[in-house]
Amino acid sequence: LRDPAIHSAPLLEHILPATKQTQTAAVVAALQADEGHGMLFVLDGWDELPMHLRTDSIFQQLINNPTDLGLASSNIVITSRPIASSGLYHSISSRIEILGFTEPEVNKYFIEALGGNMQSVEKLQTSLKDRTVIQASCYVPLNAAIVTHLFKALDQSLPTTLHGVFTSLVICCLI
């Protein structure tokens with residue numbers, strides 16, 4: 001997905017590697033004849049795809065409407081930083097994040113950072129459920145530390161956006 005040459009691809013055959021357009025058209029026809037059964041698409045670098053292409057491109061169609069492309073049985077792996085992938089959550093059947101903390105480690109960190117006060121931990125977790133982008137950022141240990149610091153500094157409340165988190169952090173550091 002990092003290759004600018006495929007960003008403007010209007011059709012599936014334009015994103016497949018081949019030297020001749022007739023070859024890719026034949027490959028697409030064969031895939032569609034079998035509804036993509038046994039096909040694995042790897043969309044590496046979703047977070048590096050320009051924003052407008054995340055909502056209007058062949059890639060978005062492949063993720064959200066594979067049936068419309070004749071590929072209902074295909075499989076798709078998408079790699080991305082969590083902060084850029086929240087818009088995909090409604091479209092995916094499973095999610096694997098490999099970085100920083102696991103979910104149990106995030107919870108353990110919150111417990112330790114909040115001094116074992118389970119009432120505060122529950123309040124933080126409830127607050128994060130309404131802020132999915134901020135919640136996803138907590139898998140990165142530094143972000144979890146920033147969020148818990150702000151939660152304590154802001155009398156057990158949090159900003160509603162990630163921008164607000166970092167703005168509040170700067171303000172807290174200046175005060």
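Reckoned from all heavy atoms, side chains included, excluding hydrogens, waters and symmetry mates.
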side-chain contact (heavy atoms from CB on, under 4.5 Å) evaluation trace for Leu169 with Val165 = CA-CA 6 Å; Leu169 177 65; Val165 166; 5.6 Å; no
side-chain contact (heavy atoms from CB on, under 4.5 Å) assessment of Trp46 paired with Thr79 = CA-CA 6 Å; Trp46 181 259; Thr79 67; over 6 Å; no
Please test Leu150 against Cys172 for side-chain contact (heavy atoms from CB on, under 4.5 Å), starting from the C-alpha separation and ending with a verdict.
CA-CA 8 Å; Leu150 289 176; Cys172 282; 3.7 Å; yes
Report task. Verify side-chain contact (heavy atoms from CB on, under 4.5 Å) between Arg131 and Leu158, making sure each step is shown before the conclusion. Result -> CA-CA 9 Å; Arg131 298 161 173 85; Leu158 287 175; 4.1 Å; yes
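Residues Leu162 and Ser137 form a side-chain contact, since some pair of their non-hydrogen atoms from C-beta on lies under 4.5 Å apart. A heavy-atom distance below 4.5 Å is not found between the side chains of Asn143 and Cys138. Between Ile76 and Val42, the closest side-chain pair of non-hydrogen atoms is not below 4.5 Å.
Inspection of the Gln60 and Ser57 side chains reveals no N or O donor paired with an N or O acceptor under 3.5 Å. Side-chain N/O atoms of Gln135 and Asp130 include no donor and acceptor closer than 3.5 Å.
Judged as a ring pair (Phe, Tyr, Trp, His ring centres under 6.0 Å), and not counting sequence neighbours, the contacts of Tyr109 are Phe101.
Heavy atoms of other residues, nucleotides or ligands lying less than 6.0 angstrom from CG of Asp68 number more than 12. With a 6.0 Å radius and a threshold of 12 heavy atoms from other residues, nucleotides or ligands, His14 has its NE2 atom above the threshold. When the shell of 6.0 Å around CE of Met118 is examined, it contains more than 12 heavy atoms from other residues, nucleotides or ligands.
In this structure, Phe151 is a member of the same hydrophobic cluster as Phe166, with clusters built from ILVMFWY side-chain heavy atoms closer than 4.5 Å. Under the 4.5 Å side-chain heavy-atom criterion for grouping Ile, Leu, Val, Met, Phe, Trp and Tyr, Leu142 is connected to Val133 within one hydrophobic cluster.
For Asn75 (side chain) and Leu40 (main-chain N/O), no donor-acceptor pair under 3.5 Å exists by modelled atom type. No donor-acceptor pair closer than 3.5 Å links the side chain of Ser127 to the backbone N or O of Lys123. Listed for the Thr167 side chain is no donor-acceptor partner under 3.5 Å among the backbone atoms of Gly164.
Glu122 CD to Asn117 CG: the interatomic distance, rounded to the nearest 0.5 Å, is 9.5 Å. Once rounded to the nearest 0.5 Å, the distance linking CZ of Arg54 with CD1 of Ile63 reads 10.5 Å.
Closest approach of Leu69 and Gln32 over heavy atoms only: O-NE2, 2.7 Å. Nearest heavy-atom pair, Ala113 versus Lys152, reported as atom, atom and distance to 0.1 Å: O-NZ, 3.0 Å. The two residues Leu154 and Ser157 come nearest to each other via the heavy atoms O-OG, 2.8 Å. Heavy atoms only, all atoms of each residue included: Thr67 and Ala72 are closest at OG1-CB, 3.6 Å. Between Thr102 and Glu105 the shortest heavy-atom distance is N-OE1, 2.7 Å.
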